[in-house]
Amino acid sequence: EGATPLAQAYAGHQFGGFSPQLGDGRALLLGEVLDRAGQRRDIAFKGSGRTPFSRGGDGKAALGPILREYLMGEAMHALGIPTTRALAVVSTGERVRRDSGALPGAVLTRVAASHIRVGTFQFFAANQDHALLRRLADHVIKRHDPSLLGLPNPYLGLLKAVSERQAALIARWMGVGFIHGVMNTDNMTLSGETIDYGPCAFMDHYDPATVFSSIDRNGRYAYAQQPLIARWNLARLAETLLPLIHDDPQTAVDWVMPVIDGFPARYEHYWLVEMRAKLGLEGEESGDLALAQDFLGTMQGQGVDFTQAFRALALAAQGQPERLQALYADASGLNAWLARWQERVGRSAAPPLARAQAMNAVNPVYIPRNHWVEEALEAAGQGDLAPFEKLLAVLQHPFTERPELKRYAQPAPPEVAAGYRTFCGT
Ligand code: AMP
Ligand code: MG
């Protein structure tokens, strides 16, 4: 009651090409609420019907993709990764038409720190509306970065803050093998939350070139591309902010370039923080970056399950490297690396058990494995929610190993994994 729901306008680069008019074509912002901690949150629908931005679409959503967003988002939240969240999925009882036929319809209720995207800024910048652009930027600063208010150049500060949040976020994605799949600028938030779970999936065996999305034919959004794309997207955000940052365009460019050029170093900083925790390294040593990169190097071409490898490393910390070694076709590269790692961890005083426990608190046993996600969604489509509820319960405690749930920790058989493709569901 008293809410004035609205659909938001935005633009965006989709797979590198600019679309000046996107917007909430099937979403509706109901309004904002303050949660129990006093934090302001958006409550929004996805799949609630046509809006002025629907273009040729029906504004609706099919149950499968909406449940997928629920599952993936809640899994990310349980992993401690900033994300929008699913409050509810409600079946509409309608059928929605998609290429694959008439599917059961549903509406997702989404909770977000905000729904403002890089593409939101691009919309107003493309319309050359500097007054509205400034209002938008002021709104975002007030909402997400109030400490910038009153600084000499809050808009440059905003760019820095967003870069910092995205560097931290992408490092977390990389640490769990998450592949967003559609890192278009309209799917990147200013808040630093993961948003718009479409064809996303978790990598099983380690391969930097991993792509699951059926529409990402050139691998633009492959696993290892994500930090590069984040920087590219931030450059698009920076372009929109130039007129707010300085009246002289060249001065504005000179000021934003260090932020954009500095992104790789900020990302690397967060990635190293992530990897030190995953590898059980206390303190900081100059060789840590190479040590972390080289662990991934040992996995390359070995068909090693990324999640299981990190989890098994905690056993190696306790003198039992066998489970880790068994993941490799040829463990000789791993063994050479293990000797270096032993030397590194041996220089700190932490007892092996404490180290293993610390590693197990950051290296999940359970991630949303592609074959289990598909199974759960398939059953839900037939009206059986039990597998979905079960999988959700597993993913809500990703770090706690439960022997009876062993099958959820296993990758799909190679013949299933090989052809795995995900779809947008739009
Ligand atoms: P997405 O792939 O969900 O990020 O959506 C990209 C764009 O397509 C956004 O502008 C959406 O609002 C729009 N869109 C996706 N699905 C629909 C639909 N069923 N009806 C209308 N617009 C849609
Ligand atoms: Mg989107």
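Order of appearance sets the numbers: ligands from 1, and atoms from 1 within every ligand.
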For this session: Give the numbers and elements of all ligand 1 atoms closer than 4.0 Å to a heavy atom of Lys60.
Result: 19 (N)
Seminar exercise, completed: Note: ligand 1 atoms sitting under 4.0 Å from heavy atoms of Asp196 are 4 (O)
For this session: Indicate, as side chain, backbone, both or neither, the part of Val182 found under 4.0 angstrom from ligand 1 when only non-hydrogen atoms are considered.
Result: neither
Problem set entry | Working for side chain to side chain contact (heavy atoms under 4.5 Å, CB included), residues Val365 and Tyr408 | CA-CA 9 Å; Val365 197; Tyr408 289 102; over 6 Å; no
Exercise. Touching ligand 1 at all, Gly198? Heavy atoms, strictly under 4.0 Å?
Worked result: no
Problem set entry | Parallel, tilted or perpendicular: rings of Tyr223 and Phe306 (30°, 60°) | perpendicular
For this session: Apply ring-ring contact (aromatic ring centres under 6.0 Å, His included) to the pair Phe202 and Phe178, showing each step before the final yes or no.
Result: CA-CA 5 Å; Phe202 282 68; Phe178 175 78; 5.5 Å; yes
Exercise. Which residue from Gly25, Gly23, Ala7 reaches closest to atom 10 (O) of ligand 1 through any of its heavy atoms?
Worked result: Gly23
Exercise. Roughly how far, to the nearest 0.5 Å, is CE of Met188 from OG1 of Thr194?
Worked result: 10.0 Å
For this session: Apply side chain to side chain donor-acceptor pair (under 3.5 Å) to Glu285 and list each qualifying residue two or more places apart in sequence or on a separate chain.
Result: Arg347
Exercise. Taking the six-membered ring of Phe15 as reference, does the NZ or CZ atom of Arg220 fall below 6.0 Å from its centre and within a 45° cone about the axis?
Worked result: no
For this session: For the Mg ion (ligand 2), count the protein N, O or S atoms found under 2.8 Å away.
Result: 2
For this session: Out of Arg26, Arg117, Arg55, indicate the one that has the non-hydrogen atom closest to atom 13 (C) of ligand 1.
Result: Arg55
Problem set entry | contact_flag Arg50 ligand 1 heavy-atom lt 4.0 Å | no
Exercise. Would you say the side chains of Thr120 and Gln8 form a donor-acceptor pair under 3.5 Å?
Worked result: no
Seminar exercise, completed: Separation between OH (Tyr206) and CD (Gln302), nearest 0.5 Å, reads 13.0 Å
Problem set entry | Per-atom contacts of ligand 1 with Arg98, taking only distances under 4.0 Å to non-hydrogen atoms | 19 (N)
Exercise. Hey, does Asp24 come in under 3.5 Å of ligand 1, counting only N/O atoms on both sides?
Worked result: no
Problem set entry | Atom indices of ligand 1 within 4.0 angstrom of Leu22 heavy atoms, with elements | 10 (O)
Exercise. Any sub-3.5 Å donor-acceptor pair from Arg355's side-chain atoms to Gly280's backbone N or O?
Worked result: yes
Problem set entry | Tyr267 and Phe263 aromatic ring geometry - parallel, tilted or perpendicular at 30°/60° bounds | parallel
Exercise. What is the distance from atom CG of Asn184 to atom CD of Gln14, rounded to the nearest 0.5 Å?
Worked result: 5.0 Å
For this session: List every atom of ligand 1 that sits less than 4.0 Å from any heavy atom of Gly57, numbering the atoms from 1 in the order shown and giving each element.
Result: 20 (N), 21 (C)
Seminar exercise, completed: One finds that the ligand 1 atoms under 4.0 Å from a non-hydrogen atom of Tyr10 are 9 (C), 10 (O)
Seminar exercise, completed: Residues Leu241 and Leu159: closest non-hydrogen pair is CD1-CB, 4.0 Å
